[in-house]
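Remarks on the structure that follows.
The shown structure was predicted, so the numbers you read here are calculated from the model rather than taken from an experiment.
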Amino acid sequence: MGRMMYVGVDVHKNFCQSAMMDDAGHIVKEDRFPNTDEGIQSFISRLVGFDDVRVVLESTGSLWMKLYDAIEEHGLEAVLSNPYKTRLIAEARIKTDKLDARILAHLLRADLIPRCYVPSKEIREVRSLVRHRVKLSKTRTEIKNRIHALLDKHRLKAPCSELFSKEGLEWLKSLKLSSIDDAVLKSDLVVLKALDEQIGYVESKIASIALKDPNVELLITMPGIDFYSAMVLSSEMGSIERFSTDKKLVAWAGMAPSLLQSGDVLRVGRITKEGNKMVRWIMVQAALNAIRSDARLRELYERYSSRKGHHKAIIAVAHEMLRIVWFMLKRREPYRGEDKRLSLRKHNRMCRLALDG
């Protein structure tokens, strides 16, 4: 009769620490192996001799992905643990790699692992590309802010309303500053041009993928959501079937209000922010755009802003939009207040960028 094995793996950049445990809770073997293709294959070869093996990994950035994929490819069961909820490890006073691996194995054996959703390899790759676009944009914003600060330092004002338009960039290139500041400005302008090119390149790749995603065609019918916003939502959520109700989707994104109860008093506080940061961020950006073009969402914004201010009003709109997203994807229906001309413009832009790629 074969033996059931529970394996906990603490994943690091250069190595992994494993603990193999049997049904009785006894440690059979502990091992440290390199987090490389060769090390992973050697580790898996030591598992395939058992009848039934379950392996748990702790989610650590993207370091777990190669090991997770390799385990699944060999027909073994892999579980990804949520590190924020694995309190025994996170709050342990004595913390070593061996102890972490043992605790993971114990929790797996007791079926107490708080699991993370693991999308398919294809979705993870798309998600990586979409997130890369966000990082490029943040870097571009940092450089633009640095240039604004440099102009403020010299009390200079651009002759046009848009500093980074063609006219504005020509003006920036013509400036004569001190030797150090001039070098900084010229360097930033070169990097800015390169970032614009790379963002355009990545956007074209995302657009070509978006054309094949049925969720995107539905989502761009909602005001404030273009093909990029739709790809963020689609790649981060995975299958909408994961969420049985709209409230669960909102809670997963960290946009549900916190509840504070003391005795018979129940207070509703700020949103929890315990969830997917990317979805929360993109829905706020979508809400800022949507209130300009959609009467229903603008009315919601004005109702909240008059009582609670701009920030909370935008959060309320983003919350409502995410609820609508759930219904649209669940029922496979476009946005009920769709502006067909606006949807067509979004679709045409997506097609145009996809052709550029």
Side-chain angles (χ1 to χ4, degrees), residues 57-65 68-69 79-85 114-138 199 202-203 205-256 271-290 314-315 317-332 335 346 350 353:
L57 320 173
E58 192 171 44
S59 175
T60 311
S62 59
L63 301 176
W64 55 273
M65 290 185 181
Y68 186 96
D69 289 338
V79 175
L80 189 64
S81 171
N82 186 328
Y84 298 108
K85 296 181 180 179
R115 301 186 179 208
C116 289
Y117 164 70
V118 181
S120 67
K121 190 174 181 178
E122 292 74 17
I123 292 177
R124 294 204 306 268
E125 289 177 349
V126 173
R127 182 185 290 179
S128 177
L129 182 65
V130 171
R131 289 180 178 181
H132 179 59
R133 160 66 168 77
V134 173
K135 292 174 184 175
L136 290 175
S137 294
K138 286 182 177 178
I199 288 172
V202 173
E203 277 192 340
K205 294 295 180 185
I206 294 172
S208 63
I209 297 170
L211 279 174
K212 303 170 187 174
D213 189 331
N215 288 337
V216 172
E217 283 296 335
L218 282 176
L219 291 172
I220 63 174
T221 64
M222 174 178 274
I225 295 182
D226 63 3
F227 78 88
Y228 175 69
S229 309
M231 282 300 296
V232 171
L233 290 170
S234 184
S235 62
E236 293 293 329
M237 289 189 301
S239 172
I240 196 64
E241 302 305 321
R242 293 172 54 206
F243 308 101
S244 57
T245 67
D246 56 312
K247 291 180 179 179
K248 289 189 176 180
L249 174 59
V250 169
W252 168 81
M255 299 190 74
I271 61 172
T272 64
K273 293 188 178 180
E274 294 180 0
N276 189 291
K277 293 180 181 179
M278 281 286 291
V279 169
R280 197 160 60 246
W281 166 74
I282 204 66
M283 290 310 302
V284 168
Q285 302 306 309
L288 288 167
N289 290 322
I314 285 296
I315 295 297
V317 174
H319 177 283
E320 179 65 13
M321 288 177 69
L322 191 55
R323 289 185 62 246
I324 295 170
V325 162
W326 183 87
F327 284 102
M328 288 169 61
L329 295 179
K330 196 76 172 178
R331 297 172 177 174
R332 309 308 301 173
Y335 182 64
K346 294 178 189 177
M350 176 171 61
L353 285 171

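Side-chain atoms of S234 do not come within 3.5 Å of backbone N or O of A230 as any donor-acceptor pair. When atom types are taken as modelled, the side chain of Y335 and the backbone of V325 share no donor-acceptor pair closer than 3.5 angstrom. Judged purely by atom type and a 3.5 angstrom limit, R242 uses its side chain to pair as donor or acceptor with the backbone of M237.
Distance check: L233 CG to M278 CE gives 9.5 Å after rounding to the nearest 0.5 Å. In this structure, Y117 OH and S239 OG are separated by 6.5 Å, a value rounded to the nearest 0.5 Å. Atom OG of S244 is separated from atom CG of L249 by 10.5 Å, given to the nearest 0.5 angstrom. Considering CD of E122 and CZ of R127, their distance stands at 13.0 Å, rounded to 0.5 Å. How far CD1 of I199 is from NZ of K135: 14.0 Å, rounded to the nearest 0.5 Å. The distance from the CG atom of D246 to the NE2 atom of H319 is 8.0 Å, given to the nearest 0.5 Å.
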Would you please test K121 and M65 for side-chain contact (heavy atoms from CB on, under 4.5 Å) and show each step? CA-CA 9 Å; K121 190 174 181 178; M65 290 185 181; over 6 Å; no

Would you please test R332 and N215 for side-chain contact (heavy atoms from CB on, under 4.5 Å) and show each step? CA-CA 8 Å; R332 309 308 301 173; N215 288 337; 2.9 Å; yes

Walk me through whether W252 and F243 qualify under ring-ring contact (aromatic ring centres under 6.0 Å, His included). CA-CA 9 Å; W252 168 81; F243 308 101; 5.2 Å; yes

Evaluate E125 against I209 for side-chain contact (heavy atoms from CB on, under 4.5 Å), listing each step before the verdict. CA-CA 11 Å; E125 289 177 349; I209 297 170; over 6 Å; no

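Across every non-hydrogen atom of M283 and L322, the tightest pair is CE-N, 3.7 Å. Scanning all heavy atoms of the two residues, the minimum distance from M328 to L219 falls at CE-CA, 4.0 Å. Among all heavy-atom pairs drawn from P223 and M321, the shortest one is O-CE, 3.4 Å. Contact between I220 and K346 at its shortest, heavy atoms only, is O-NZ, 2.9 Å. Scanning both residues, A286 and I225, for their nearest heavy atoms gives CB-CG1, 4.0 Å. Nearest heavy-atom pair, Y228 versus I282, reported as atom, atom and distance to 0.1 Å: CE2-CD1, 4.3 Å.
Take S137 and apply the side-chain hydrogen bond (donor to acceptor under 3.5 Å, both in side chains) test, not counting sequence neighbours, and it matches R133. Residues satisfying the side-chain contact (heavy atoms from CB on, under 4.5 Å) test with I123, not counting sequence neighbours, are P119, S120. Taking the side-chain contact (heavy atoms from CB on, under 4.5 Å) definition, one finds that T245 meets it with K247, K248, sequence neighbours left out.
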